[in-house]
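The structure under discussion is supplied below as structure tokens; questions concerning it will follow.
Per chain, numbering begins at 1; letters A, B, ... match sequence-line order.
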Amino acid sequence: DQQVKQNSPSLSVQEGRISILNCDYTNSMFDYFLWYKKYPAEGPTFLISISSIKDKNEDGRFTVFLNKSAKHLSLHIVPSQPGDSAVYFCAAIGRGGSNYKLTFGKGTLLTVNP
Amino acid sequence: DVKVTQSSRYLVKRTGEKVFLECVQDMDHENMFWYRQDPGLGLRLIYFSYDVKMKEKGDIPEGYSVSREKKERFSLILESASTNQTSMYLCASSARKGASFFGPGTRLTVL
């Protein structure tokens, strides 16, 4: 059973516009969420995270929004740049038990067109 | 900056061979992880370790084993490589609870 879902396998956006990547989760024990970016043939790079006590976290062009009641988070990239083209993974960590283990979604391929 | 290094970027092995993938981190992190990434399947956790000599199975441990004799080093072992283990292997480390930092990956091809 997939606990972290990224329902859009791909997204195409024009340079300068906003990219919105979505992620849903089912496990109410998750309390910390992260986004990673991955280029081909490289390891994922940590982008931004958010704790469940917040509903928004911003870092430069990247903002993550968390809606706990809907069990939904999104990553906004504004403005999008061609160098943002990559696979984006959403991940979650839960309270208790293995609370350092990340559960990943399957990823969304973002293409930013010049 | 956190640095996670993996012993090889590309590896080609034959079916039945024993394969060792090594990972070293320099940030004194307690947790270390091995994932594999396959198209359409995302990152799947093979094994992880939260302390020296401690290990736990992840979601897909079959056909793999691990070793953590020192805090900074976490090895993944394929006892008898098979073609369905052709994949990108990613090592990561993290502090107690926080972001994991990944190595560059090893692209393993089993012929």
- Item | same_hphob_cluster(L73(A), I20(A)) at 4.5 Å side-chain heavy-atom cutoff | no

- Side chains of F33(B) and L102(A) in contact at under 4.5 Å (non-hydrogen atoms): no

- Transitive ILVMFWY side-chain link L108(B) to Y35(B), under 4.5 Å: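 No, separate clusters.
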
- Quick one: do L21(B) and F101(B) end up in the same hydrophobic cluster if we chain Ile, Leu, Val, Met, Phe, Trp and Tyr together by side-chain heavy atoms under 4.5 Å apart? no

- Item | For K38(A) against M88(B), the heavy-atom pair lying closest together | NZ-CE, 4.4 Å

- Task: Under 4.5 Å, counting heavy-atom pairs only, tell me which of L43(B), L90(B), L41(B), D59(B) racks up the most with chain A.
- Result: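 Most pairs with chain A among the choices: L43(B).
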
- Query: Around atom NZ of K71(B), are there more than 12 heavy atoms of other residues, nucleotides or ligands at under 6.0 Å?
  - Reply: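 Check passes, neighbour count above 12.
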
- Contact origin within R44(B) toward chain A - heavy atom pairs under 4.5 Å: neither

- Query: Crowded around R61(A) CZ? As in, over 12 foreign heavy atoms under 6.0 Å?
  - Reply: yes

- So what's closer than 4.5 Å to chain B heavy atoms on P44(A): side chain, backbone, both or neither?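 Both backbone and side chain of P44(A) come within 4.5 Å of chain B.
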
- Let me know if A91(A) has heavy atoms under 4.5 Å from chain B in its side chain, its backbone, both or neither. neither

- Please state whether the side chain, the backbone, both or neither of Q6(B) comes within less than 4.5 Å of a heavy atom of chain A. neither

- Closest approach of S100(B) and F46(A), non-hydrogen atoms and distance?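 Scanning both residues, the minimum pair turns out to be O-CB, 4.4 Å.
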
- Item | Pair F104(A)-Q37(B), side-chain contact (heavy atoms from CB on, under 4.5 Å): steps then yes or no | CA-CA 11 Å; F104(A) 282 90; Q37(B) 184 197 5; over 6 Å; no

- Starting at CG of L34(A), measure out to OG of S94(B) and round the result to the nearest 0.5 Å. 10.0 Å

- Task: Group every Ile, Leu, Val, Met, Phe, Trp and Tyr by side-chain heavy-atom contacts under 4.5 Å, then state whether V24(B) and V52(B) land in the same group.
- Result: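 As far as the 4.5 Å side-chain criterion goes, V52(B) and V24(B) are not connected within one cluster.
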
- Report yes or no: do F48(B) and F102(B) belong to one cluster of Ile/Leu/Val/Met/Phe/Trp/Tyr joined by side chain heavy-atom distances under 4.5 Å? yes

